[in-house]
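Labels below follow one simple rule: chain letters A, B, ... track the order of the sequence lines, proteins then strands, and each chain is numbered from 1.
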Amino acid sequence: MIDVRLLRSEPDAVKAAMARRAKPAILEELDHAERLDARLRDITVERDENRAQINSISKDVATARRAKDDVAAEKLMQRSRELGESEKVLASEFDQVNSALREVLLRVPNIPHAQVSEGVSDQDNKVVKGPLQMPPKFADYQRVPHWETGLALGILDNERATKISGSMFTMQRGLGATMARALCQLALDRNADAFEEIRPPSLVLTSTLTATGQLPKFADDAFSIERDDLWCIPTAEVPLTSLHAGEILKAEELPLRYMAHTSCFRREAGSAGRDTRGMLRTHEFDKVEILAVTTPQQAPEMLVELTNRVESTIAALGLPYRVLEICTGDLGQSHHRSFDIEVYAPGCDQWLEVSSISWFSDYQARRADIRFKNPGAKGSEIAHTLNASALAVPRVWAAILENCRQADGSVAIPEVLQPYMRGAKVISSSSQAKP
RNA sequence: GGAGAGGUGCCAGAGCGGCCGAAUGGGGCGCCCUGCUAAGGCGUUGUCCGGGUAAACCGGACCGAGGGUUCAAAUCCCUCCCUCUCCGCCA
């Protein structure tokens, strides 16, 4: 969430920056937050003064008791009981206003970075790089959707996935399954030079999902296990961000870099009926996430580094791609600035978003309470968090099936993946067992 | 799942209604002493919120979390979470 004190000290600047998101409702919420904050501070002052009196009277009672002056003690106690009554009133008022304020703040999105270009929707996102590795022309045999190729080669079996788990689940088989895993291994290996590999839990607490911003706003998009109050992670960003929740880190150990390969679970509640074929939108998929916790000063450079890392992996796979900067109107709730990498899939003739590289400024870290301390300095500062999909399997897998399809219907495995494919260089129908 | 023990500051560890934001030891930091890496002496040592001139200072909160009792709670009561030991079950 945003810093209330910033809203308090520079309300106009905050509102001006937020107005760039092109959603007027946000400005009303900011006004609301401002009023609640002012009220809350009034109550706080009153409550603390009241408490201070009780504390001081209590000490006087102790003194009177020791002096065996029961009359004076009883008088003080009577006075304190009265103050106790008004404290109850103030405390409940405080709780009420405080939770109202928190509720509003949880729904207020992050302030966009000044350099983010203004726009209303994804139509306004700007291509900042590319298209790169785009062939002058695609052959007809590349214009085949991956779900057809996958079925023909026996490496995609969505029919049975649906039988087992219902719609919007997919299943890869044989070299298709191997390639899914190979993609993860590739992404991990390419980032292992600087990122510590984590294998986090896939089920997390409500508080964990709130820290990264998925709750309360996007509850419908996540799978939940109500009986145990657990949620299925929609991305490894969730557990990785909360790794240091509630901690005060040392400035000199920043930036911290983590990567994780996990399953990601998404209900896709708002997208029922869209992209139902193939692997473009599924309830469960594999992804390698890279994440960094930095100081505010380190963050801009880290954003560039993460972008370069993701880009280089996509480039290494030989796929046609481009880099977009997300405009203010399309920027995610928690995002301060972000870039998307899209891969072109000739079979379905679409640019597929395969990675989103995001800088959250202190928005997530404030919710998660991740701070850092400079040596010698008193107090602490809120850290910054950034993350990116190093590689999201399904869409890259799909893009490979379409881009690398050969005239005979087989799929040539990108060279960088071959070491992870037990020597296979091609996926053809003869390389697959039938049933 | 059952039984028991426990969760206190950077760490170890006392406190078990008021004089406790918390003894003591260790560590860290600063100064002093000592002619060299050792020993010793003194001082200091958290976080968050609010007020105040981003100082000094003042007030409030924090002893696993949340409630309760009390004039007053680290200390008493309740609920929950976590850790450890034993038993049970289980990849």
Side-chain angles (χ1 to χ4, degrees), chain A residues 1-11 13 33-102 104-105 199-211 225-231 239 242-254 263 296 362 365-383:
Chain A
M1 60 186 132
I2 63 161
D3 186 357
V4 216
R5 280 173 298 189
L6 187 65
L7 179 63
R8 194 186 296 159
S9 58
E10 296 172 45
E34 241 187 312
R35 287 194 299 273
L36 288 169
D37 176 56
R39 179 84 193 104
L40 189 65
R41 270 182 307 148
D42 290 346
I43 299 168
T44 304
V45 169
E46 216 178 319
R47 187 200 57 179
D48 287 358
E49 277 170 4
N50 198 280
R51 188 74 229 172
Q53 282 192 57
I54 293 174
N55 286 344
S56 125
I57 290 172
S58 295
K59 280 185 185 136
D60 294 344
V61 172
T63 315
R65 275 279 157 74
R66 259 178 260 123
K68 305 259 197 274
D69 188 349
D70 288 344
V71 181
E74 185 50 51
K75 226 172 145 184
L76 289 163
M77 281 157 64
Q78 179 53 37
R79 175 89 196 293
S80 188
R81 271 190 283 268
E82 286 160 20
L83 289 167
E85 287 309 307
S86 46
E87 186 183 27
K88 271 182 195 148
V89 176
L90 288 166
S92 86
E93 211 177 338
F94 178 91
D95 289 345
Q96 205 181 320
V97 177
N98 191 34
S99 63
L101 176 60
R102 186 177 158 78
V104 174
L105 286 176
R199 177 47 260 218
S202 305
L203 303 181
V204 298
L205 299 167
T206 296
S207 57
T208 307
L209 209 58
T210 306
I225 298 156
E226 282 183 35
R227 190 167 79 162
D228 299 295
D229 188 31
L230 290 168
W231 300 77
S242 287
L243 210 66
H244 293 291
E247 295 181 16
I248 300 175
L249 305 162
K250 294 190 186 99
E252 63 265 30
E253 54 192 31
L254 300 179
S263 281
D362 60 1
R366 180 170 293 106
R367 285 191 183 196
D369 190 24
I370 305 167
R371 289 173 288 162
F372 71 93
K373 192 180 164 79
N374 278 303
K378 53 182 115 133
S380 59
E381 273 186 74
I382 310 278

- Query: Which parts of residues 90-102 of chain A get close to RNA chain B, meaning a heavy atom less than 4.0 angstrom away?
  - Reply: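 By residue number: none to list.
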
- Query: Between which nucleotides of RNA chain B, read 5' to 3', does contact with chain A run, using atoms under 4.0 Å from its heavy atoms?
  - Reply: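 First and last nucleotides in contact are B:rG18 to B:rA72.
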
- Item | Residue closer to the 5' end of RNA chain B, A:N55 versus A:R8 (nearest nucleotide) |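 In this pair, the answer is A:R8.
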
- Item | Residue whose nearest RNA chain B nucleotide is more 5′ - A:I54 or A:G379 |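 Taking each residue's closest nucleotide, the earlier one in sequence belongs to A:G379.
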
Identify, with sequence neighbours excluded, every residue that meets side-chain contact (heavy atoms from CB on, under 4.5 Å) alongside [X].
| X | result |
| --- | --- |
| A:A251 | A:F372, A:N374, A:P375 |
| A:N55 | A:R51 |
| A:R47 | A:T44, A:L90, A:F94 |

- Note on the structure: Here the gap from A:R367 atom CZ to A:I2 atom CD1, rounded to the nearest 0.5 Å, amounts to 11.0 Å

Test of understanding: with side chain to side chain donor-acceptor pair (under 3.5 Å), list the residues that count as partners of [X], not counting sequence neighbours.
| X | answer |
| --- | --- |
| A:R227 | none |
| A:S202 | A:R199 |
| A:E10 | none |
| A:S86 | A:N50 |

- Query: Where are the stems of RNA chain B, defined as at least 3 consecutive Watson-Crick or wobble G-U pairs with both distances under 3.5 Å?
  - Reply: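 Stem segments, range with range: B:1-7 with B:81-87, B:10-12 with B:24-26, B:27-32 with B:40-45, B:46-51 with B:57-62, B:64-68 with B:76-80.
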
- Query: What residues, two or more places apart in sequence or in another chain, satisfy salt bridge (charged side-chain N to carboxylate O under 4.0 Å, His left out) together with A:E381?
  - Reply: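 So A:E381 forms no salt bridge (charged side-chain N to carboxylate O under 4.0 Å, His left out) with any residue.
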
- Message: Which residues pass the salt bridge (charged side-chain N to carboxylate O under 4.0 Å, His left out) test with A:D369, not counting sequence neighbours?
- Response: A:R371

Taking only the [atom1] atom of each, what is the distance from [N] to [M] in whole angstrom?
| N | M | atom1 | value |
| --- | --- | --- | --- |
| B:rA61 | B:rA74 | P | 9 Å |
| B:rC76 | B:rG7 | P | 11 Å |
| B:rA73 | B:rC57 | C1' | 29 Å |
| B:rC29 | B:rC87 | C1' | 50 Å |
| B:rC33 | B:rA39 | C1' | 11 Å |
| B:rC63 | B:rA22 | C1' | 8 Å |
| B:rC49 | B:rG6 | C1' | 32 Å |
| B:rC78 | B:rG21 | C1' | 26 Å |

Assign [X] to base, sugar-phosphate, or nothing according to its heavy-atom contacts below 4.0 angstrom with the strands shown.
| X | result |
| --- | --- |
| A:S80 | sugar-phosphate |
| A:K250 | nothing |
| A:R371 | sugar-phosphate |
| A:V45 | sugar-phosphate |
| A:T63 | nothing |

- Message: Less than 4.0 angstrom from a charged side-chain N to a carboxylate O is my criterion; do A:E74 and A:R81 meet it?
- Response: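 Result for this pair is yes, salt bridge flagged.
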
- Query: Ignoring hydrogens and geometry, is there a side-chain-to-backbone donor-acceptor pair from A:T210 to A:T206 under 3.5 Å?
  - Reply: yes

